[in-house]
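Below is one structure, written out as C-alpha cells, with a few remarks after it.
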Amino acid sequence: MHNAELQNMVLDSAAAMGSNELQEKDATGALGHDLSNGSSSNLEAARRLAKRLYHLDRFKRSDVAKHLGKNNEFSKLVAEEYLKFFDFTGMTLDYSLRSFFKAFSLIGETQERERVLIHFSSRYYQCNPNTISSQDGVHCLTCAMMLLNTDLHGHNIGKKMTCQEFIANLQGMNDGKDFPKGLLKALYNSIKNEKLEWAVTLCQNH
C-alpha cells in the first residue's frame with residue numbers, strides 16, 4: 001500500500017462525510033410504511049429498526065450493513081441509533097473495531113461499507129474524545145487498519161508492509177500532524193498478530 005493510496009482513501013472518506021449534508025433521496029423500500037413527514041416519527045422508526053438489527057430480530061447478520069450504509073437521512077438515523085448499542089469507552093481502536101465486526105457482516109458496495117466505517121469512527125470518537133484528536137483521525141486510522149489487514153492477510157503475492165512503512169504512510173495525516181508512534185505500532189502489531197474478521201451468516205443460527 002502506498003502513501004498516495006491511503007491518502008486518496010481518506011480524502012474519499014472525508015468527501016463521503018461531507019456528502020451527508022446533501023443526502024441523496026433514495027427509496028427506503030420496505031421501510032416506507034414506517035416513515036412520515038414528522039422527524040420524531042422518523043427517529044422512532046429508526047430506533048425500532050436499529051434495535052431489531054442489533055438483536056437480529058428477523059434479520060440476518062448479512063442484512064445489517066445495507067441498512068446502515070445507504071446514502072439517505074433515514075439510514076443515517078438508523079446507523080446512529082444502532083451504534084448507540086456499542087460502548088467503546090476506554091477501549092483501544094483495534095479492539096473496538098473487532099467487537100463491532102462481531103455483530104454483523106461488513107458486506108456490500110464499497111461506498112456502503114465506507115459509510116458504516118464512518119459511523120463507527122464517529123461513535124468511537126464520541127466514546128473516547130481524548131484518545132485521538134479528531135473523528136477524521138479515528139476514521140483515517142480505521143481505513144489504514146482495513147488496508148493493512150488486506151496487505152498482511154490477503155491473497156496478494158509480494159512483500160508485506162512493515163511497521164515502519166505503516167508509520168510512514170500515515171505521516172502528517174492526523175490533522176496535519178503525526179499520530180503517536182506508540183499507537184501506530186500497537187495497531188500494526190494487533191493486525192499482524194490477528195487478522196480482522198467480521199461475522200458471517202453461514203454456519204450460524206442467524
Side-chain angles (χ1 to χ4, degrees), residues 1-24 65 68-73 75-77 79-101 106 109-152 160-196 198:
M1 178 183 71
H2 300 292
N3 195 1
E5 182 184 349
L6 178 62
Q7 288 183 333
N8 286 339
M9 186 168 185
V10 174
L11 287 172
D12 289 345
S13 304
M17 291 173 88
S19 74
N20 287 337
E21 302 301 318
L22 299 167
Q23 295 293 345
E24 289 176 7
L68 307 182
K70 287 193 174 77
N71 192 20
N72 63 54
E73 204 61 44
S75 184
K76 184 182 173 187
L77 279 176
E80 286 172 357
E81 292 301 316
Y82 181 82
L83 263 295
K84 286 178 184 177
F85 286 101
F86 297 85
D87 184 4
F88 302 126
T89 306
M91 292 163 56
T92 60
L93 183 59
D94 55 303
Y95 186 83
S96 298
L97 192 59
R98 291 183 196 282
S99 65
F100 183 53
F101 283 163
L106 186 67
E109 295 178 6
T110 303
Q111 284 185 319
E112 288 181 350
R113 287 180 289 163
E114 180 68 29
R115 290 186 199 108
V116 172
L117 293 177
I118 288 170
H119 291 304
F120 162 80
S121 301
S122 173
R123 178 60 176 163
Y124 183 84
Y125 182 69
Q126 199 176 42
C127 293
N128 300 283
N130 301 315
T131 307
I132 296 166
S133 61
S134 69
Q135 182 184 325
D136 284 348
V138 174
H139 188 61
C140 175
L141 290 178
T142 302
C143 291
M145 282 194 293
M146 296 292 286
L147 287 170
L148 177 66
N149 190 62
T150 300
D151 184 274
L152 295 182
K160 302 295 186 184
M161 192 188 308
T162 65
C163 185
Q164 292 308 115
E165 287 169 336
F166 181 67
I167 292 171
N169 285 341
L170 287 161
Q171 203 165 4
M173 298 189 73
N174 184 21
D175 291 334
K177 302 173 192 165
D178 291 348
F179 291 104
K181 280 191 177 177
L183 170 64
L184 298 184
K185 284 179 181 176
L187 294 178
Y188 179 90
N189 287 326
S190 171
I191 303 302
K192 182 181 179 182
N193 294 333
E194 184 186 350
K195 77 173 182 175
L196 289 172
W198 36 91

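This chain uses plain numbering: 1 for the first residue, then up along the sequence. Atoms considered below: every heavy atom in the structure, side chains included; atoms not considered: hydrogens, waters and symmetry mates. Note that the coordinates shown come from a computational prediction; the quantities given were computed from them, not determined experimentally.
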**Prompt:** So, the side chain of Asp151 versus the backbone of Lys160: is there a donor-acceptor pair under 3.5 Å, distance only?
**Reply:** no
**Request:** State, with a plain yes or no, whether a side-chain heavy atom of Met91 is found less than 4.5 Å away from one of Leu97.
**Result:** no
**Prompt:** With a 4.5 Å heavy-atom cut-off, do Leu68 and Arg115 have their side chains touching?
**Reply:** no
**Asn71 and Gln111, any side-chain heavy atoms less than 4.5 Å apart** = no
**Message:** Using the salt bridge (charged side-chain N to carboxylate O under 4.0 Å, His left out) criterion, which residues pair with Glu165? Sequence neighbours excluded.
**Reply:** Lys159
**Prompt:** Is a donor on one side and an acceptor on the other found under 3.5 Å between the side chain of Asn193 and the backbone of Asn189?
**Reply:** yes
**Prompt:** Side chains of Leu141 and Leu183: closer than 4.5 Å at any heavy-atom pair?
**Reply:** yes
**Prompt:** Looking only at heavy atoms, what is the nearest atom pair of Ser75 and Gly69, with distance?
**Reply:** OG-N, 3.7 Å
**Message:** With a 4.5 Å cut-off on side-chain heavy atoms, are Tyr124 and Thr131 touching?
**Reply:** yes
**Donor-acceptor pair, side chain of Thr142 and main chain of Val138, under 3.5 angstrom** = yes
**Request:** For Lys177, look at atom NZ and say whether over 12 heavy atoms of other residues, nucleotides or ligands are found less than 6.0 Å away.
**Result:** no
**Residue pair Gln126 / Leu83, side-chain heavy-atom distance below 4.5 Å** = no
**Item:** Ser190 side chain to Arg98 side chain, donor-acceptor N/O pair below 3.5 angstrom
**Value:** yes
**Prompt:** When you look at OH of Tyr95, are more than 12 heavy atoms from neighbouring residues, nucleotides or ligands closer to it than 6.0 Å?
**Reply:** no
**side-chain contact (heavy atoms from CB on, under 4.5 Å) partner of Ile191, chosen from Leu196, Thr150, Leu147** = Leu196
**Asked** Does a side-chain heavy-atom distance below 4.5 Å link Met146 with Asn149?
**Response** no
**Item:** Residue pairs passing the salt bridge (charged side-chain N to carboxylate O under 4.0 Å, His left out) test where at least one lies in residues 83-96, sequence neighbours excluded
**Value:** Glu81-Lys84
**Prompt:** Where the side chain of Tyr125 meets the backbone of Gly137, is there a donor-acceptor pair that is under 3.5 Å apart?
**Reply:** no
**Prompt:** For the atom pair CG (Leu152) and CE (Met161), what is the distance rounded to the nearest 0.5 Å?
**Reply:** 7.0 Å
**Request:** Heavy atoms only: give me the nearest Leu184-Phe166 pair and the separation to one decimal.
**Result:** O-CE2, 3.6 Å
**Message:** So, taking the atom named CD in Gln135 and the one named CZ in Arg123, what distance separates them when rounded to the nearest 0.5 Å?
**Reply:** 12.0 Å
**Request:** May I have the step-by-step check of side-chain contact (heavy atoms from CB on, under 4.5 Å) for Ile167 and Tyr188, ending in yes or no?
**Result:** CA-CA 9 Å; Ile167 292 171; Tyr188 179 90; over 6 Å; no
**Asked** What's the spacing between His139 NE2 and Ile132 CD1 if we round to 0.5 Å?
**Response** 12.5 Å
**Complete:** Applying ring-ring contact (aromatic ring centres under 6.0 Å, His included) to Phe86 and not counting sequence neighbours gives Tyr54, Tyr82, Phe88, Phe100
**Prompt:** With side chains defined as the heavy atoms from C-beta onward, is the minimum distance between Phe120 and Leu93 less than 4.5 Å?
**Reply:** yes
**Asked** What pair of heavy atoms forms the shortest contact from Val116 to Ala65, and how long is it?
**Response** CG2-O, 3.9 Å
**Item:** Any donor-acceptor N/O pair, Ser122 side chain to Ile118 backbone, under 3.5 Å
**Value:** no
**Fill in**
Here the pair of heavy atoms bringing Ser133 nearest to Asn174 is OG-OD1, 2.8 Å
